[in-house]
Protein chains: 4
Amino acid sequence: MNAKATAPSAPERTGAAGADRKAPKADLSRDQILSAAAKLFRDQGYSGTTLRQIAAAAQMKAGSIYYHFSSKDQILDEVLDAGIARNFAAVREAVAACPAEATAEERILAAIAAHMRTLLSSSEFTAVDIRIFGQLPPEIRLRHQSKRSEYARYWDGLFRAAIESGEFRKDIKIAPLRQFVLGALNWTVEWFDPDTQSIDELIDRCTKLIMSGVKSA
Amino acid sequence: MNAKATAPSAPERTGAAGADRKAPKADLSRDQILSAAAKLFRDQGYSGTTLRQIAAAAQMKAGSIYYHFSSKDQILDEVLDAGIARNFAAVREAVAACPAEATAEERILAAIAAHMRTLLSSSEFTAVDIRIFGQLPPEIRLRHQSKRSEYARYWDGLFRAAIESGEFRKDIKIAPLRQFVLGALNWTVEWFDPDTQSIDELIDRCTKLIMSGVKSA
Amino acid sequence: MNAKATAPSAPERTGAAGADRKAPKADLSRDQILSAAAKLFRDQGYSGTTLRQIAAAAQMKAGSIYYHFSSKDQILDEVLDAGIARNFAAVREAVAACPAEATAEERILAAIAAHMRTLLSSSEFTAVDIRIFGQLPPEIRLRHQSKRSEYARYWDGLFRAAIESGEFRKDIKIAPLRQFVLGALNWTVEWFDPDTQSIDELIDRCTKLIMSGVKSA
Amino acid sequence: MNAKATAPSAPERTGAAGADRKAPKADLSRDQILSAAAKLFRDQGYSGTTLRQIAAAAQMKAGSIYYHFSSKDQILDEVLDAGIARNFAAVREAVAACPAEATAEERILAAIAAHMRTLLSSSEFTAVDIRIFGQLPPEIRLRHQSKRSEYARYWDGLFRAAIESGEFRKDIKIAPLRQFVLGALNWTVEWFDPDTQSIDELIDRCTKLIMSGVKSA
DNA sequence: GATGAATGAGGCTTCATTCAT
DNA sequence: CATGAATGAAGCCTCATTCAT
């Protein structure tokens, strides 16, 4: 929630005593910038977004951004980090919240719901990754590959369990399955419209399709 | 002046005998530019791609592009057009090639295969749309909305037939279904690697998942 | 953002004490740019003048100009505005300074002197109009037509008075007269050389020619 | 009339015998180019005019111009040459046509009429000089200075005669007089509209103003 | 903390010019 | 003679970035 949690290069200011007394103005600005940047990156891509646009959306002037970040690149880094981190955290929490005796399928249902809910509601950050990652310069992509892989492996674990338990078909290969499922889910950000559709209903429809396909019994 | 203004780079004209003698050099250059642009747009986005990059990939200098196109925008337009057009054509042909007595499901299977094959093999053009459309400036997006809708409606027709015939579950709503299915298919361009994977196998896996889901019988 | 958008480089602000502390640096740069542009436009025409030339003459780099103006066009607009405005103001003041009982001819003499003096001394701005107006793209020309017409009508008024009072010949038609007189005066910018000629003497000669022609009594 | 008369660098082709048998296509194109260029230069300035515009107006493609001329500069040179040459010729002829016993004033009237008529009717060429000369790069200006001076000196001769004969006032200095008179005449190209005004009437008005000024007797 | 002003690199585009056909 | 196609230099403009205030 606090973007600084994942920001490694914030100007030193942690010092001080326990309770964060001042909730300093800087943190607020930082968050505004990140949030503005996330929205703009998501809608216009990285190259298509201007520092001036970000600044304007964050209610400041372009030069001021450099007090908080050292480059446009760094903003992107933090936005991407925040994106995966939130998604991952939400999914992990949802799975952890399942009762100990939950089946693999139930855990996957929880994971799907959490993934979609994060993606489609608090979207700025989570949607950026999905939308623009493929078009980023390779070096930037590399910097975030490990976290993405971690997330992928987490899902692989969920699916493996379901296959080994016999809940899912044995002839399914895990990697393509994960790509297929996450792909279908991720794609919803391209068309889901919160004003006319219900997230819960969408989640419901998607899980049903994933689980049982389209064919009538 | 520009006879080809609306003709998005006809690919059929290379081989064959020597009958057509009209400005073959220009057409070749045009096609090279479009193809180069498509690849670059796909990989780096529209704003992330430089005219100089396009020119270099098409083996000419930036200024020369303007002999064939009047702006970067126009190149994008034609690339997008070509993308949908090819996809649409491939799918329509595949469906048309089905025997008259084919079931709705069989037609859908053919459509899926065609969509994926076009997307993943002759990809430059077809993949661009899918990848960058969401981040294009609204005015450009608008210009192509109608063709995309047409394609969507075509799929809706296929799905409707399957539902009405009872082959697909009756509780599925068509629009979300189409989004879900095409989303899952489209997403494969983000991760499919022709060097290590087989398209046919991928198609097979995907259709199975779509049709029957993940659960074991 | 740009408070001065419509204020064509107020010349009154340089001297004086230090009371006005608002963004004096920007205004200075703006004025430098306008002045440099005016000189260059006058000597090389609009198309013949480069933004880099303007920037160099204003002691900055080309890109910096865009902090003050949004386009080369806008610079031209302000230069043209300033030109007519100064000329008009000078002439109007000179006429207004005439004693109430001054004859129409005396007023015209004052107007001629003011027009020429402004044109030939503070020339950058005033001379631009005269020199390049005829070769400007029609749309730009249109934007300034109204102010020029206003100035023309003002002169027409002066001439009409002299004709009606019987001081000038009755057979003279006002519009061609104004064109002829202003033309003769304006043309002096094409050849007057302040280093070898005296403005006052030139004014004297011109008025005499206009009033009485070349023929000896 | 044949622009080639003044064209020093025309591709050699003069050879041959007496009568110019073929009136070759090339000459026609050359003239079309020059005429088109003159019009465009006059209306848009030198830098403001594109070779492609000239080519289009001359009904050919830009590249073709280089068969007839070696550069845009050369076209300008010939256009300028043609301008002064025609004007000079017309004026000289008109003066020469005066009866031997004509007064200096009569000669000047003839010269004025000829100058104006050439300027305002066959204008493309003659008007270019007047309009754009002041904004040309110094090197180009230099190349034409001598011919312009020659023309100026010719007028000076006419005026000197009138002053020495006592027809014109003795207190008039020749150079400024010539500038003033030609200036007033030249300026008419900026506003004369052949559709609504009569050249003869304009000439009449102008000569009257020049001769006797504006004041009533 | 933030801004105004500037910069330089680079983006898209235009244009005179060349040259094979 | 003329054109189609290309080029490189340069033009206008944008943008990330800097830095004094």
Side-chain angles (χ1 to χ4, degrees), chain A residues 11 13 24-30 47-55 58-73 75, chain B residues 1 22-30 47-55 58-73 75, chain C residues 1-2 22-30 47-55 58-73 75, chain D residues 11 24-26 28-30 47 49-55 58-73 75:
Chain A
R13 189 172 3 78
K25 213 193 288 179
D27 273 9
L28 209 149
S29 294
R30 252 186 91 84
S47 314
T49 298
T50 289
L51 267 197
R52 273 173 178 69
Q53 289 177 327
I54 297 176
Q59 318 228 59
M60 55 181 72
K61 297 293 153 52
S64 313
I65 288 187
Y66 286 81
Y67 180 82
H68 303 282
F69 299 91
S70 62
S71 73
K72 194 184 170 190
D73 246 61
I75 299 180
Chain B
M1 197 131 305
K22 193 97 87 27
K25 196 160 149 216
D27 277 5
L28 208 151
S29 295
R30 250 186 91 87
S47 314
T49 299
T50 308
L51 269 189
R52 282 200 251 280
Q53 290 176 328
I54 298 176
Q59 317 227 63
M60 54 180 71
K61 297 299 156 60
S64 311
I65 290 187
Y66 286 80
Y67 183 79
H68 303 280
F69 299 90
S70 61
S71 71
K72 195 185 170 189
D73 245 62
I75 299 181
Chain C
M1 198 129 306
N2 194 344
K22 192 95 89 25
K25 197 160 149 217
D27 278 4
L28 209 151
S29 295
R30 251 186 92 87
S47 313
T49 298
T50 303
L51 268 190
R52 283 201 251 282
Q53 290 175 327
I54 298 176
Q59 318 226 62
M60 54 179 72
K61 298 300 156 55
S64 312
I65 289 187
Y66 286 81
Y67 183 79
H68 303 280
F69 299 90
S70 61
S71 72
K72 195 186 171 191
D73 245 61
I75 299 181
Chain D
K25 211 195 291 180
L28 209 148
S29 295
R30 250 186 93 83
S47 316
T49 298
T50 289
L51 266 197
R52 274 173 177 70
Q53 289 177 327
I54 298 176
Q59 319 228 57
M60 54 180 72
K61 296 292 153 56
S64 313
I65 289 188
Y66 285 82
Y67 180 83
H68 304 282
F69 299 91
S70 63
S71 72
K72 195 185 170 190
D73 247 62
I75 300 180

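The chains referred to below are lettered A, B, ... by the order of the sequence lines, with proteins before strands, and numbering in each begins at 1.
- Both C/A62 and A/A62 lie near DNA chain F, and the one whose nearest nucleotide falls closer to the 5' end is C/A62.
- When each of C/S47 and B/Q59 is assigned the nucleotide of DNA chain F with its nearest heavy atom, B/Q59 is the one assigned upstream, toward the 5' end.
- Inter-residue side-chain proximity for D/F69 and D/L51 is flagged as unmet; no heavy-atom pair is nearer than 4.5 Å.
- At whole-Å resolution of the value, CD1 in C/I65 and P in E/dA6 are 11 Å apart.
- For the C1' atoms, the distance from F/dT21 to E/dG1 is 13 Å, rounded to whole Å.
- Spacing between atom CD1 of D/I54 and atom P of E/dT17 amounts to 10 Å, rounded to whole angstrom units.
- Per the geometry, CZ belonging to C/R30 stands 15 Å off C1' belonging to E/dG4, to the nearest Å.
- Of the side-chain N and O atoms in C/Y67, one or more sit less than 4.0 angstrom from OP1 or OP2 of E/dA5.
- Using a 4.0 Å cut-off, some side-chain N or O of B/R52 falls inside it from OP1 or OP2 of E/dG11.
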Inset, instruction - Using Watson-Crick or G-U wobble pairs with both distances under 3.5 Å, give me DNA chain E in dot-bracket, 5' to 3', with [ ] for crossers and | for pairs to another strand. - result: .||||||||||||||||||||

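- The shortest distance between the side-chain N/O atoms of A/H68 and the OP1/OP2 oxygens of E/dA2 is below 4.0 Å.
- With sequence neighbours excluded, the residues forming a side chain to side chain contact (heavy atoms under 4.5 Å, CB included) with B/Q53 are B/L40, B/Q44, B/T49, B/T50, listed by chain and number.
- The side chain of A/T50 approaches F/dA16 more closely than any other nucleotide in the set F/dC13, F/dA16, E/dT13.
- One finds a side-chain N or O of A/S29 lying less than 4.0 angstrom from the OP1 or OP2 phosphate oxygen of E/dA2.
- Within the 4.0 Å cut-off from OP1 or OP2 of F/dT3, at least one side-chain nitrogen or oxygen of D/S64 is found.
- The shortest distance between the side-chain N/O atoms of D/K61 and the OP1/OP2 oxygens of F/dG4 is below 4.0 Å.
- The phosphate of F/dC13 (OP1 or OP2) has a side-chain N or O of C/Y66 nearer than 4.0 angstrom.
- Between B/S71 atom OG and B/I65 atom CD1 the span is 11.0 Å, to the nearest 0.5 Å.
- The minimum heavy-atom distance between A/S64 and A/H68, with the atom names listed, is O-CD2, 3.7 Å.
- When distances are taken from the side chain of D/K72 to each of E/dA16, E/dC12, E/dA6, the shortest belongs to E/dA16.
- In this structure, the CG atom of A/L51 is 11 Å from the P atom of F/dT18, given to the nearest Å.
- In this structure, the separation between CZ on A/R30 and OH on A/Y67 is 11.0 Å, given to the nearest 0.5 Å.
- To the nearest 0.5 Å, atom NZ of residue B/K61 and atom CZ of residue B/R52 are 11.5 Å apart.
- The CE-P distance, from D/M60 to E/dA16, rounds to 16 Å in whole Å.
- Of all non-hydrogen atoms in B/S47 and A/G48, the two that sit nearest each other are OG-CA, 3.4 Å.
- Residue-level contact check: A/T49 touches the backbone only, with heavy atoms under 4.0 Å from sugar-phosphate atoms and none from bases.
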